[in-house]
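All chains are named by letter (A, B, ...) in the order of the sequence lines, taking the proteins before the strands, and each is independently numbered beginning at 1. Quick note: numbers below take in every heavy atom, side chains included, and nothing from hydrogens, waters or symmetry partners.
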Amino acid sequence: MYQTSELEINMGPQHPATHGVLRLVLRLDGETIVEVKPVIGYLHRGVEKLSENRGYRSVTPLTDRLDYCAAFAENHSYVGAVEKLLGVEVPPRAQAMRVVLAELQRIASHLIWLATHGLDIGAMTIFLYAFREREKCLDLFEGYCGARLTYNALRIGGVPQEFPDGWTEALRRFLDELPTRIAQYETLLTGNRIWRLRTEGVGVIDARTALGLGLTGPTLRGSGVDYDVRKYAPYENYRDYAFDIPVGSKGDTYDRYLIRMEEMRQSRRIILQALEALPDGPILAKVAGRIRPPKGAEAYFMTESPRGEMSVYLVSDGTDKPYRVRFRSPCFNNLQGLPTLSKGHMVADVVALIGSIDIVLGCVDR
Amino acid sequence: MSDQDQPKPPQPPAPPPAPAPAAPAAAKEKAPDPLAAEVSSPALERLRAVHGAALVEVRFWAGLPLVEVGREQLVPVMTFLRDDPSCRFDHLSTCFATDVPERAEAPLEMTYCLFSWPTRQLLAVKVRTTAETPIPTVSAIWPSADWNEREAFDMVGIRFQGHPNLTRILLPDDWTGHPLRRDYPLEGKPGDHKVYR
Amino acid sequence: MSEARAVVIPRPAPLPWWKRFFLVEMLQGMSVTMKHYLRGWREPFTVQYPEERLPLDPRFRGYPRLRMHPETGDELCNVCRQCEKICPTLCIAIEEEPHPSGKGRRPRQFTVDYERCCQCGLCAEACGSDPISAIYMSHDYELADYGRDRFRAQKDRLYLGFPAPPAGKGKAPGK
């Protein structure tokens with residue numbers, strides 16, 4: 001028999017497959033992974049500290065920069081927390097509009113995930129197609145709020161503006177062609193032998209471990225837990241819509257892929273329902289010009305971002321600046337599961353796993 | 001902090017500022033805010049019944065029960081909250097530290113946000129400490145607390161007893177100070193991040 | 001009220017031997033590629049920037065700029081400092097002086113640090129001038145220059161804008 005010695009290598013922080021500036025210290029036995037140590041913080045900008053020094057309204061643009069692939073979800077979470085703190089009721093029309101935008105954001109975010117995840121594993125074609133559809137999502141967002149990535153699309157108490165003329169029609173056109181596009185992606189990947197060999201059985205995690213590690217979103221639902229904030233702690237008017245929460249059966253990377261593909265279809269379903277029953281009325285609730293929640297007020301607001309549970313904890317001390325803002329980022333907690341997921345796999349599988357937990361480093365490091 | 005106190009030059013002619021702050025202050029003196037009303041929470045009732053002595057303070061805000069427990073009882077209370085059939089908080093959503101310098105005897109505060117999917121309850125548990133006194137880790141109860149506690153150590157400087165790997169997580173290992181402390185200037189201290197700029 | 005249902009996603013059956021042997025999925029994949037390749041000849045999705053530019057949406061948020069009163073041509077800004085206050089990156093600085101007409105104030109110098117500006121649009125919303133906001137989100141998005149000091153846009157630049165970019169031919173496929 002031969003003896004091998006363990007080797008420690010660095011993957012990142014400048015590695016194209018780590019989705020940003022993630023550094024992984026891999027301890028390898030041959031090509032098998034003995035231990036993965038994620039080293040994070042390269043993109044730490046101190047958003048929590050910064051938020052403590054800005055007015056309540058000025059924090060929303062800062063939240064755009066957390067998860068820059070799904071900025072709307074972060075806006076939503078922060079604005080929702082302030083509304084909860086103040087006890088503001090969002091008008092029904094604004095709620096429905098938020099749902100439309102949040103689900104559109106989910107589609108856009110899952111598309112960029114699909115593109116980069118495919119690219120990591122070696123499916124280059126999917127990258128171009130998914131980016132094309134994502135581009136259309138971004139065009140829609142640009143039409144609504146004027147920005148393509150950092151939307152700042154919400155205000156405390158509602159939404160700042162109505163959908164522009166022709167916007168809902170453009171959205172419907174996009175949604176009409178989306179199922180055929182998703183079917184095309186599935187032709188390229190779902191039955192593809194290489195794709196299946198690279199993803200099936202990779203990074204299997206059982207429900208109990210996943211729960212304990214604080215995984216949320218598709219990463220957890222892959223293991224068969226149907227935890228979705230939209231179902232268990234409904235916000236806005238998610239209660240009014242019929243949709244499925246896809247869950248996996250094996251908990252591997254392939255399951256997580258299937259779930260995200262299905263979620264795009266479900267998001268489409270929710271948007272169509274919301275557009276159908278878009279109520280009339282005001283879009284912005286009455287909120288005091290200078291927001292000063294009473295001393296000792298604390299609120300926790302959870303939303304289902306495309307990556308998992310994104311929540312914001314706010315503490316007020318009676319001034320016009322938040323005393324403490326805590327962003328519970330789904331990526332930070334999901335990344336915590338990476339060492340468990342990747343134990344015993346090959347180095348190349350780590351790349352597939354980073355893609356499958358869908359991290360955005362801006363969200364991890366805050 | 002320095003930025004917060006910065007005087008804003010002249011008076012803005014906007015109409016709302018004057019009446020808006022006065023209204024909640026007056027309301028607070030007269031009657032308690034309706035948002036602070038107590039809400040029914042089966043988990044909290046169970047907790048009161050079993051670990052009533054451990055609870056230092058119970059408050060409510062906007063339907064969220066805020067429970068403060070003593071440092072020593074933290075682990076038993078948390079284990080109870082996870083395992084009791086009427087609580088079942090199997091998801092530690094997040095935990096984070098806050099620096100409250102006005103409370104001189106125990107300025108640092110750790111908040112644990114627990115969510116229970118089966119019973120759909122939310123609960124915030126708080127524990128107070130000082131920079132010198134460690135608090136027991138809950139990473140054995142919920143492994144997800146591991147990184148969150150490291151972040152609390154990194155940002156505010158709370159020490160956790162029994163934590164498997166209590167090192168800095170977001171900041172470089174050789175960083176000095178804890179940025180989320182109130183006395184830490186917003187733009188950093190001069191000698192702090194010269195190397196990293 | 002309808003509750004969300006949890007649905008277990010069916011997994012496809014393991015690949016049969018003939019699929020493992022023949023490269024069926026490769027042909028399938030190539031057929032998708034070919035379809036798009038041929039379509040790409042007819043209607044290309046790519047835009048040849050900078051010769052071609054995508055049309056910007058009316059709500060597009062570029063860098064903030066100042067504007068005059070549409071009728072009188074007077075300065076709109078009345079130094080209420082709401083923009084300065086709400087700006088999350090603290091990139092706006094206003095020096096004020098009394099208005100020559102003796103009523104109100106006007107900015108002696110108005111500086112926006114374009115290096116810090118995050119184009120969130122809050123300043124334009126907070127602006128308290130009458131009848132339209134003095135500060136507005138322009139459609140300028142190209143910002144390249146030879147010195148950092150050039151990014152501290154002052155009144156001249158805020159009113160007149162940047163040197164115009166070379167005129168685009170402006171055909172935008174896909175829109």
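Taking CD of A:E48 as the reference point, atom OG1 of B:T98 lies at 9.5 Å (rounded to 0.5 Å). The structure places NZ of A:K37 at 7.5 Å from CG of B:N165, a figure rounded to the nearest 0.5 Å. Atom CD1 of residue A:I40 and atom CH2 of residue B:W147 lie 4.5 Å apart, to the nearest 0.5 angstrom. For the atom pair A:R326 CZ and B:C95 SG, the distance stands at 7.0 Å (nearest 0.5 Å). With rounding to the nearest 0.5 angstrom, the CG atom of A:L220 is 5.0 Å from the CH2 atom of B:W117. With rounding to the nearest 0.5 angstrom, the CG atom of A:N333 is 7.5 Å from the NE2 atom of B:H91.
No part of A:V39 comes within reach of chain B, as not one of its non-hydrogen atoms sits under 4.5 angstrom from that chain. In this structure, chain B has a heavy atom under 4.5 Å from the backbone of A:L86, while its side chain stays farther away. Only the side chain of B:L171 comes within less than 4.5 Å of a heavy atom in chain A; its backbone stays farther off. Of the atoms belonging to B:S139, not a single heavy atom falls under 4.5 Å from chain A. Only the backbone of B:R181 has a heavy atom closer than 4.5 Å to any heavy atom of chain A. Residue A:Q336 touches chain B through both its backbone and its side chain, counting heavy-atom pairs closer than 4.5 Å. Within the 4.5 angstrom heavy-atom criterion, no atom of A:T209 approaches chain B. In this structure, the portions of A:L50 lying under 4.5 Å from any heavy atom of chain B include both its backbone and its side chain. Contacts of B:F115 with chain A are made by side-chain atoms alone, with heavy-atom separations under 4.5 Å and no backbone atom involved. Using a 4.5 Å cut-off between heavy atoms, B:R59 touches chain A through its side chain atoms alone.
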Legend entry - side chain to side chain contact (heavy atoms under 4.5 Å, CB included) between A:R324 and B:D99, worked out: CA-CA 9 Å; A:R324 179 80 166 91; B:D99 180 21; over 6 Å; no

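Interface check for chain B: of the options A:T216, A:V364, A:L335, the most heavy-atom pairs under 4.5 Å are formed by A:L335. Of the listed residues (A:G87, A:A299, A:A297, A:G214), the greatest number of heavy-atom pairs within a distance under 4.5 Å of chain B belongs to A:A297. By number of non-hydrogen pairs under 4.5 angstrom with chain B, the leading residue of A:Y313, A:Y227, A:F332 is A:Y227. Of all the listed residues (A:L85, A:D320, A:V315), the one sharing the greatest number of non-hydrogen pairs under 4.5 Å with chain B is A:L85. Considering only heavy-atom pairs separated by less than 4.5 Å from chain A, the leading option among B:D154, B:V100, B:L92 is B:V100. The candidate from B:I141, B:D90, B:L122 with the greatest count of non-hydrogen atom pairs under 4.5 Å with chain A is B:L122.
Between the side chains of A:Y300 and B:S93, at least one donor N or O lies within less than 3.5 Å of an accepting N or O.
At least one test fails for A:R328 against the ring of B:F96: distance under 6.0 Å to the centre or angle within 45° of the axis.
What you find for A:K84 and B:W61 is that their closest heavy atoms are O-NE1, 4.3 Å. Across all their heavy atoms, A:E298 and B:L64 have their closest contact at O-CD2, 4.3 Å.
The environment of A:R45 atom CZ is dense: over 12 non-hydrogen atoms of other residues, nucleotides or ligands sit within 6.0 angstrom. More than 12 heavy atoms of other residues, nucleotides or ligands shown are found within 6.0 angstrom of CZ on B:R168. In the displayed structure, A:E89 atom CD is contacted under 6.0 Å by at most 12 heavy atoms of other residues, nucleotides or ligands.
Judged by distance alone, the side chain of A:K49 and the main-chain N or O of B:L186 form no donor-acceptor pair under 3.5 Å.
Looking at A:R366 and B:E151, a side-chain N of the basic residue comes within less than 4.0 Å of a carboxylate O on the acidic one, giving a salt bridge.
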